[in-house]
Amino acid sequence: MTKTRPTILLTGFGAFPGIPANATSTLVPELALRAREEFREHDVIDEVLPVEWDRTPELLDEILARTNPIVALHFGVTKHASGFQIELVGRNVCGLRGDATGALPRTERVIEAGPDTIASSFPADRIIARLERAGIACATSESAGTYLCNTVLYRSLTRAHALAEKPMTGFIHLPAALSVADMLDETCALTWDDALSGGIEIIAACLDKDTPA
Ligand code: PCA
């Protein structure tokens with residue numbers, strides 16, 4: 001029998017109206033490369049999701065079922081964050097906002113019969129403590145919005161909470177202005193390297209490991 005290694009799943013998002021280049025579509029694959037070096041006893045899988053009401057939920061379900069992660073960290077960008085925004089809650093709501101194809105959601109709720117809110121299952125306090133110790137801008141948030149980021153969080157948490165061994169699941173918003181070019185302005189307190197090392201801190205906090213110096 002082949003022994004499977006515990007899996008860390010990292011997801012980012014592609015473009016959507018107003019954000020032609022989503023930083024997480026570049027950051028997440030780079031973070032996965034670093035994470036493979038840092039956490040050698042784990043498999044690290046990275047995926048970039050489309051921002052599409054019709055496709056993203058099923059694709060996410062398929063990825064989660066295929067990878068069966070012990071840690072599932074979903075990343076996206078928002079204009080409302082200047083540093084790492086650690087999302088504490090998924091909400092059962094789909095806002096009337098056009099996706100990358102221009103389509104609107106077909107339903108008002110992420111999962112018709114689901115509860116109104118679901119709490120994130122990753123260790124938010126430990127994550128914030130580690131980011132603060134590393135001097136990386138961060139805050140917690142009780143609303144991931146009503147767009148595809150919230151849908152991914154809510155769906156991933158629905159699956160996590162149904163499992164006997166809950167994967168540590170959560171969503172992290174990054175500033176929309178985050179860029180490889182490190183163009184810092186008042187809307188972005190993170191350099192590209194902060195975003196990468198912060199990502200490693202977050203994974204380490206989930207695994208409760210010291211980050212190698
Ligand atoms: N941000 C959007 C969806 C994709 C992304 O990166 C959101 O906040 O819902």
Side-chain angles (χ1 to χ4, degrees), residues 9-32 46-64 72-111 114 116-120 122 124 127 137-158 169-181 183 185 187-190 192 194-196 198-199 202:
L9 173 67
L10 308 173
T11 70
F13 272 110
F16 60 100
I19 305 287
N22 191 324
T24 64
S25 69
T26 314
L27 183 78
V28 162
E30 273 191 42
L31 178 59
D46 58 298
E47 299 275 353
V48 175
L49 301 168
V51 182
E52 293 182 35
W53 293 113
D54 280 351
R55 277 178 68 211
T56 310
E58 285 71 22
L59 189 56
L60 174 73
D61 291 352
E62 180 273 310
I63 292 166
L64 288 168
L73 298 174
H74 308 291
F75 293 83
V77 297
T78 172
K79 291 184 174 151
H80 304 296
S82 59
F84 277 89
Q85 186 168 296
I86 308 303
E87 302 296 348
L88 303 179
V89 188
R91 294 178 190 278
N92 197 0
V93 55
C94 298
L96 266 189
R97 182 169 162 196
D99 67 11
T101 71
L104 293 171
R106 290 174 198 272
T107 56
E108 289 176 4
R109 290 167 77 78
V110 181
I111 295 176
D116 288 344
T117 59
I118 309 184
S120 294
F122 62 4
I127 289 170
C138 59
T140 55
S141 153
E142 304 231 338
S143 174
T146 60
Y147 198 39
L148 266 308
C149 289
N150 173 70
T151 286
V152 161
L153 175 59
Y154 187 92
R155 267 191 108 89
S156 193
L157 284 171
T158 298
T169 300
F171 200 98
I172 298 114
H173 265 123
L174 287 160
L178 176 70
S179 110
V180 194
M183 292 182 300
D185 58 27
T187 68
C188 182
L190 300 176
W192 191 254
D194 289 336
L196 285 170
I202 293 170

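All ligand and atom numbering here is 1-based and tracks the order in the structure.
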At a 4.0 Å threshold, what atoms of ligand 1 neighbour a non-hydrogen atom of [X]?
X    : value
H173 : 7 (C), 8 (O)
F16  : 1 (N), 2 (C), 4 (C), 5 (C), 6 (O)
G76  : 6 (O)

Got L27 and W192 here, is their nearest side-chain heavy-atom distance under 4.5 Å? yes
Supply the atom-to-atom distance [X] [atom1] to [Y] [atom2], rounded to the nearest 0.5 angstrom.
X    : Y    : atom1 : atom2 : answer
L157 : H74  : CG    : NE2   : 7.5 Å
D99  : L104 : CG    : CG    : 8.0 Å
C94  : I111 : SG    : CD1   : 9.5 Å

side-chain contact (heavy atoms from CB on, under 4.5 Å) with V51: of L148, I19, T101, only one passes, and it is L148
So which bit of F13 gets within less than 4.0 Å of ligand 1, heavy atoms only: side chain, backbone, both or neither? side chain
The answer for which part of N22 has a heavy atom under 4.0 Å from ligand 1 is side chain
Options V77, L174, L148, N150, ranked by nearest heavy atom to atom 1 (N) of ligand 1, top entry: V77
If you look only at pairs with a residue in residues 54-63, which of them pass as a salt bridge (Lys or Arg N to Asp or Glu O under 4.0 Å), with sequence neighbours excluded? E52-R55, D54-R106, D61-R155, E62-R66
At what distance is the nearest protein heavy atom to atom 2 (C) of ligand 1, and which residue and atom is it? C149 SG, 3.1 Å
